[in-house]
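Below is one structure; the comments refer to it alone.
All ligand and atom numbering here is 1-based and tracks the order in the structure. Values below: all heavy atoms of this structure, side chains included; hydrogens, waters and symmetry mates excluded.
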Amino acid sequence: MNISPLISARRVVALTGAGISKESGIPTFRDSDGLWKKYRPEELASPEAFRKNPQMVWEWYAWRIQLVRNAHPSRGHIVLAEMERHYPEFHVITQNVDGLHQRAGSRNVVELHGRIDRARCTGCGRVYEPAPIEDIPPVCSECNALLRPDVVWFGEPLPPDAWEMAVELASQADAMLVIGTSALVYPAAHLPVLAKSRGAFLVEINPSYTPISSLADITLRTGAGEGLDLIWKEVKEHVEG
Ligand code: OAD
């Protein structure tokens, strides 16, 4: 495995998806045991679903919020936090909404799909962190309107600042690690393509084939923790001589 471009890189970006948090016990979406195999996204993760049945949507989110609150960062999350301290510029761009990168110690994190443990008022826009889930569905203490999970649902645009930052980081990256994402959901899936087109060295870590696999300079068919450990060890050996 020749990872010299990653060893000499100054600007490194990691794009992460549900696979890295699977190793923290949080289900992915599209694996055989993933959430979208059991639940229909249009009934739980869309503005229409929320208008139709806020109680049901909140019950599902409250269950996932509890899962996340009880989870711990995985080895993969921890390695990425260590890498941030090593490289001059290192950012995580994540599609995950669980906050586990920050809990592992990463500071430069761009969240493309929001945060599950945060709620937002559908009336006045007030943000609640942590999301109150004692009474379901929760309402705003200021204006009494319904609160919603502060995540991106199907059919909704990404937070513009996060997306702008992600595009800038991907365009300028010397190397990008693509970890645990099926790379099927746009616009996030465009980022590795953009990075590669601007000359970045692309490393994919995923036990399964994805649309990024044919683009990647190196693909590790392992879980996130194992693959990141391997790469990180090589980078450190080089630095330490
Ligand atoms: P997916 O569920 O689509 O894909 C998970 C990926 O993780 C798959 O490619 C698996 O092969 C891989 N995987 C499984 N186990 C792994 C492991 N131990 N280590 C590393 N990888 C592993 O999840 P995402 O690509 O994150 O959107 O999904 C993207 C978006 O679709 C999510 O952010 C969510 C969902 O609908 C919103 O909620 C807006």
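Taking a cutoff of 4.0 Å between a charged side-chain nitrogen and a carboxylate oxygen, K22 and D33 qualify as a salt bridge. Using a cut-off of 4.0 Å between Lys/Arg side-chain N and Asp/Glu carboxylate O, E226 and K233 are scored as not salt-bridged.
For a heavy-atom separation below 4.0 Å, the residues in contact with ligand 1 are G17, A18, G19, K22, E23, T28, F29, R30, D31, W36, Q95, H113, V152, F154, G180, T181, S182, V185, N206, P207, S208, G223, A224.
Among residue pairs with one or both ends in residues 166-221, none qualify as ring pair (Phe, Tyr, Trp, His ring centres under 6.0 Å); sequence neighbours excluded.
A 4.5 Å side-chain heavy-atom check between L6 and V235 finds at least one atom pair inside the cut-off. Looking only at side-chain heavy atoms (C-beta outward), W58 and P149 come within less than 4.5 Å of each other. A 4.5 Å side-chain heavy-atom check between I212 and T181 finds every atom pair outside the cut-off.
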